[in-house]
Number of protein chains: 2
Amino acid sequence: MTSTTRHCYDYPHPAVTTDVITFRVRADQLQVLLVRRANPPFQGRWALPGGFLDIDEDLEQCARRELAEETGIRVTHIEQLHTFGRPDRDPRERVISVAYLATVRQDDPAQPVAASDAAAVRWFPLDELPGLAFDHGQIIDKARQRLRDKLEYTSLVFQLTAETFTLGELQRLYEAIHGSPLDKRNFRKRMLGLGQIEETGHTRRNGKHRPAREYRIRHPQRVEYF
Amino acid sequence: MTSTTRHCYDYPHPAVTTDVITFRVRADQLQVLLVRRANPPFQGRWALPGGFLDIDEDLEQCARRELAEETGIRVTHIEQLHTFGRPDRDPRERVISVAYLATVRQDDPAQPVAASDAAAVRWFPLDELPGLAFDHGQIIDKARQRLRDKLEYTSLVFQLTAETFTLGELQRLYEAIHGSPLDKRNFRKRMLGLGQIEETGHTRRNGKHRPAREYRIRHPQRVEYF
DNA sequence: TCAAGTAAGTGTGATTGATACACCAAGGAT
DNA sequence: ATCCTTGGTGTATCAATCACACTTACTTGA
């Protein structure tokens, strides 16, 4: 079943797919969205949602479409991560995969629904990942690293928060993503000092405990740096 | 001449190419390597070196090979930049291009030699770029932005210097890349403070003027951050 | 040989950002 | 009422950044 097709100019063409690494934060842990493959190869294994590029479709549109088809999830932010193309990464044929990194807001109530090539869909905490199809483990590693890096010098975090948030929520989110605990006073000082966020004027109660001030990002703003 | 080929599973496959943005610094200006296209489309126009992916070839290997075939240039560093896939970016057929950013050392004596699909090869200063084929203008913009950004938080700059360099050379290189002049004393203090570089113990004379201390990077070191 | 030009080399003071660190208040659960 | 949990606050130290000017060594051309 090796297969390469030939272009009219006689160039054999690889297949092109997109895969989407979708992050969200729940219960103070970073999670990623996976689907269980309904079809070979790797039938029954967990994998990133994704699939073949339609011939007249933009790459990012393909990533969004495949994600929607297989999981029903619509993301708040998506950006290109890296293109993976090892010749042996798919046993069927040569496949080039353009990976996208996406985020869903913390308070997004949407439930994923398995469909199309997906036999099941689930959010997995990053430290409980199952064995993954293809090279998807490496792809997730790269995405995680990128997310961590971008925490430092972009406002990508605010694509993972709800539209409004408390400083406590924001701090727990930072801690979930890059692992280590942060000093509360220094964290707050820095966040407020950067001028990226502003008070909404409201307070919110966490269910338990005392009410906390609500913030939002000041400018709808560039999240894309590079 | 619209053409898409069909895979055995009946998916039409786009073509996949790599393009390489190769930077070097000469005469205190940043330059990029372009080829004049020998064949349609855009015959006679300047474009990035690059071409179709061989079906069993790694992406990065393809980038290096196409660069070598068309220009004879071997780079000191190469990394993936971004994948460009607008459906209309090539008039022939659907083409997905994986762009690579590469560097050549300042003192590399190699002369580019046009061959294969290239009718000519030339280094262009970034502010004298000719009209470019395809979306290569945008690709260069993105590469330039990436290079500027990476100046700040990686040691990518040391892939553009000679193996040894003076602080004056290094500063002019920084200034060439991100445009603005820098204060000499602050620049030197920072460079030495970061501990990335060390003296070789030699001095070098610039042809004119008094001899200057020679430096090199301390660790052969990670250039790749993300 | 002298004068002019160009790049190498050097230090300080002010400001800003980062870090370490401890206590009280308010609400919920028991 | 007690305990537990989270919200909220300030200061002192250190490191990094920035602005800023003069002297020396060598080359070139008058």
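So that the names make sense, note that chain A is the first sequence line, chain B the second, and so on, each numbered from 1.
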Fit a plane to each ring of Tyr174(A) and His178(A), take the angle between them on a 0 to 90° scale, and name the class: parallel (under 30°), tilted (30 to 60°) or perpendicular (over 60°).
perpendicular
Distance check needed: dC18(D) P versus Leu182(B) CG, whole Å only.
9 Å
Below 4.0 Å: OP1/OP2 of dA18(C) and any side-chain N or O of Arg185(A):
no
Send over the distance from Glu214(A) CD to dG8(D) C1', rounded to a whole Å.
17 Å
Does dG8(D) have its OP1 or OP2 closer than 4.0 Å to a side-chain nitrogen or oxygen of Arg188(A)?
yes
Of Lys189(B) and Thr166(A), the one whose closest nucleotide on DNA chain D sits nearer the 5' end is Thr166(A)
Are side-chain heavy atoms of Ile197(A) and Met191(A) found at a separation under 4.5 Å?
yes
Enumerate, atom names and distances included, each donor-acceptor pair closer than 3.5 Å involving a side-chain atom of residues 108-119 of chain A, sequence neighbours excluded.
unit_1	atom_1	unit_2	atom_2	d
Asp108(A)	OD1	Ala110(A)	N	2.9
Asp117(A)	OD1	Asn39(A)	ND2	3.1

Atom-pair distance (CG on Asn186(A); P on dA15(D)), nearest Å:
16 Å
Output a table of nitrogen or oxygen pairs between the protein and nucleotides 22-28 of chain D separated by less than 3.5 Å.
unit_1	atom_1	unit_2	atom_2	d
dT24(D)	O2	Arg210(B)	NH1	2.3

Nearest whole Å is fine: how far is dG9(C) C1' from Gln171(B) CD?
12 Å
Of the nucleotides dA8(C), dG8(D), dC21(C), which one has an atom closest to the side chain of Ala212(B)?
dA8(C)
So, Glu70(B) and Arg65(B), do they make that salt bridge, N to O below 4.0 Å?
no
Would you mind reading off the distance between Asp183(A) atom CG and dT11(D) atom C1', rounded to a whole angstrom?
13 Å
Between Phe165(A) (CZ) and dG7(D) (P), how many Å, whole number?
14 Å
Check Leu34(A) against Leu132(A) and note the closest heavy-atom contact, atom names and distance.
CD1-CD2, 3.6 Å
With ring centroids as reference points, do Phe84(A) and Phe134(A) lie under 6.0 angstrom apart?
no
Go through the structure and list residues passing side-chain contact (heavy atoms from CB on, under 4.5 Å) with Asp141(A), not counting sequence neighbours.
none
Let me know the distance between CG of Leu167(B) and P of dG9(C), rounded to the nearest Å.
7 Å
Atom-pair distance (CE on Met191(B); P on dA16(D)), nearest Å
14 Å
